[in-house]
Amino acid sequence: MNFTFDETHLMIQQTARDFAETELRPNVSERDEKEEFPYDAVKKMGELGFMGMKVAEKYGGAGLDTISYVLAMEEISKVDASAGVIMSVNNSLVCYGLEKWGNEEQKQKYLVPLAQGKMLGAFALSEPEAGSDATNQHTTAVRDGNFYILNGTKNFITNGKNADVVLVMAQTDKTKGPKGISTFIVEKNYPGFSVAKKERKLGIRSSDTVSLSFTACKVPMENRIGEEGFGFKFAMKTLDGGRIGIASQAMGIAMAALEESIKYAKQRKTFGKYLAEHQAIQFKIADMQTKIDAAQMLLLRAAATDAENPNYGTYSAEAKLLASKIAVECALEAIQIHGGYGYCKDYPVERLLRDSKITEIYEGTSEVQRIVISRALLK
Ligand code: CAA
């Protein structure tokens with residue numbers, strides 16, 4: 001395995017870092033406080049090619065590799081983890097699936113503007129009774145001539161309020177269980193589609209998370225992705241890649257926690273010397289760096305693996321499992337190093353902790369990642 005980044009990787013990393021510092025840093029706390037979606041920044045991310053990083057250039061994307069995507073996701077999430085998840089969902093859960101399994105017409109109509117950042121996408125698998133238990137889909141799609149009629153509710157949908165198109169998993173044949181689930185491209189203005197409850201969250205507060213309601217929502221037949229019954233495999237394979245995006249988001253949070261800790265340790269004095277001169281703090285910093293490096297190795301291994309490789313899903317599950325765990329741990333340590341100041345909103349570390357927790361939950365909880373990893377070993 002090669003551990004050096006090439007020139008393109010370093011250039012992407014630097015571009016993302018500069019963008020995050022100039023466009024995201026200035027109002028990140030205010031957006032968090034007010035639960036404000038970063039509209040302007042997301043538009044600029046589209047212009048920079050960050051919304052369709054891996055999509056081929058002929059479909060409006062940047063045509064980059066997964067390592068470039070990881071590095072950009074880390075830099076964006078270091079400063080604003082909400083912007084990170086908005087970007088990750090559009091890239092990994094929407095553009096990826098459309099490019100891989102969409103037909104040419106679907107790609108021209110939806111993938112091109114999504115990859116260019118002119119449209120925003122969402123991915124609707126979760127339901128009130130289908131979170132980890134994702135096969136338990138209640139949303140139905142019944143064929144009616146050249147249309148499907150969708151009925152049901154999706155919840156915890158990232159980007160749901162601001163999305164122009166949503167990839168919706170729905171049951172086309174209940175008798176077939178997971179093999180009777182199909183995926184549909186639903187436009188926000190289709191009659192019968194509406195945005196319902198907006199969630200008020202602990203963290204990633206400037207990304208929007210909503211429930212979506214489908215009431216006799218008429219979706220053209222040509223908006224089905226792949227064959228009828230392919231929807232669950234579509235969702236699972238897409239999530240294998242999505243977990244690399246969330247692991248990158250978690251890494252960004254962990255790296256930010258370390259950076260803030262080092263900065264603070266060099267400026268705050270206790271007992272007549274800088275925190276950085278106390279061994280108790282030095283050891284915490286050393287442990288944080290070691291955890292970050294370990295998780296980064298797993299993440300880069302997953303990112304360097306082809307999606308068709310049989311180990312891809314377990315590698316991405318391992319990366320997400322560890323990266324999300326260490327994100328929470330590093331954010332907690334950062335607060336400990338900052339003491340009382342870390343518990344207050346004048347410093348960013350309390351937000352890092354709030355933002356970190358979701359990485360252990362969405363795109364498969366840590367328990368789901370353990371299911372994926374252990375099943376591969378024990379089959
Ligand atoms: N690739 C291809 N096929 C897969 C697969 C994968 N990674 N994982 C499962 N499948 C297939 C299985 O092979 C099986 O098909 P066959 O019968 O043909 O073999 C079918 O899918 C059903 O799979 P299981 O029997 O394994 O299903 P299960 O009920 O035991 O569930 C699970 C497995 C891993 C727990 C799965 O349900 C899961 O991943 N749950 C978590 C869902 C999740 O991650 N949701 C995230 C929502 S999106 C989100 O969070 C976005 C956001 O906001 C940021």
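As the structure lists them, so they are numbered: ligands from 1, and atoms in each ligand from 1. Nothing fancy with the numbering, it's 1 onward along the sequence.
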inquiry  = Evaluate Asp133 for polar contact with ligand 1, using N/O atom pairs at a separation under 3.5 Å.
reply    = no
remark   = In this structure, atom 37 (O) of ligand 1 is nearest to the protein heavy atom Ser132 O, 3.3 Å
message = Heavy-atom pairs closer than 4.0 Å: do any link ligand 1 to the side chain of Arg243, the backbone, both, or neither?
response = side chain
query = Under the side chain to side chain donor-acceptor pair (under 3.5 Å) test, which residues partner Thr172, sequence neighbours left out?
reply = Ser182
query = Any donor-acceptor pair under 3.5 Å linking the side chain of Asp208 with the backbone of Lys161?
reply = yes
query = What's the shortest distance from atom 21 (O) of ligand 1 to any protein heavy atom, and which residue and atom give it?
reply = Phe232 CD2, 3.3 Å
key: ligand 1 contact by Gly242, heavy-atom criterion under 4.0 angstrom   = no
task = Among all protein heavy atoms, pick the one closest to atom 27 (O) of ligand 1 and tell me residue, atom and distance.
result = Thr135 CG2, 4.0 Å
inquiry  = Give me the nearest non-hydrogen protein atom to atom 9 (C) of ligand 1 as residue plus atom name, then the distance to 0.1 Å.
reply    = Met236 CG, 3.7 Å
query = Nearest protein heavy-atom contact for atom 31 (O) of ligand 1: which residue, which atom, what distance?
reply = Arg375 NH1, 4.3 Å
ask   = Hey, which atoms in ligand 1 end up nearer than 4.0 Å to a heavy atom of Lys233?
value = 3 (N), 11 (C), 13 (O), 15 (O), 16 (P), 18 (O)
Parallel, tilted or perpendicular: ring planes of Phe230 versus Phe234, cut at 30 and 60 degrees = perpendicular
ask   = By number and element, which atoms of ligand 1 are closer than 4.0 Å to a non-hydrogen atom of Thr158?
value = 52 (C), 53 (O), 54 (C)
query = Would you say Gly364 has any N or O atom under 3.5 Å from an N or O of ligand 1, going by distance alone?
reply = yes
query = Hey, are the side chains of Leu300 and Gln296 touching, using non-hydrogen atoms and a 4.5 Å cut-off?
reply = yes
task = Grab the two heavy atoms, one from Ala16 and one from Ala72, that are nearest each other, plus how far apart they are.
result = CB-CA, 3.8 Å
task = Classify the contact between Val89 and ligand 1 as side chain, backbone, both or neither, using a heavy-atom distance cut-off of under 4.0 Å.
result = side chain
remark   = Nearest non-hydrogen protein atom to atom 34 (C) of ligand 1, with distance, is Val372 CG2, 4.0 Å
Top protein contact for atom 1 (N) of ligand 1, by heavy-atom distance = Lys237 CG, 3.7 Å
message = Within the structure, is a non-hydrogen atom of Leu93 found at a distance of less than 4.0 Å from ligand 1?
response = yes
request  = Give yes if a backbone or side-chain nitrogen or oxygen of Tyr362 is under 3.5 Å from a nitrogen or oxygen of ligand 1, and no if not.
outcome  = no
Cation-pi check, Arg224 onto Phe184 ring (under 6.0 Å, within 45° of axis) = no
query = Donor-acceptor pair, Asn90 side chain versus Met51 backbone, under 3.5 Å?
reply = yes
ask   = Less than 4.5 Å apart, any side-chain heavy atom of Lys357 and any of Ile204?
value = no
remark   = Between Ala124 and Ile157 the two heavy atoms that sit nearest each other are CA-CD1, 3.6 Å
request  = Can you sort out which atoms of ligand 1 are near Ser126, meaning under 4.0 Å from one of its heavy atoms?
outcome  = 47 (C)
ask   = Minimum heavy-atom separation for Thr270 to His278, with atom names?
value = OG1-NE2, 2.9 Å
remark   = Tyr362 and Val85 have their tightest heavy-atom pair at OH-CG2, 3.2 Å
key: For atom 18 (O) of ligand 1, the protein heavy atom that lies nearest, with its residue and separation   = Lys179 NZ, 3.0 Å
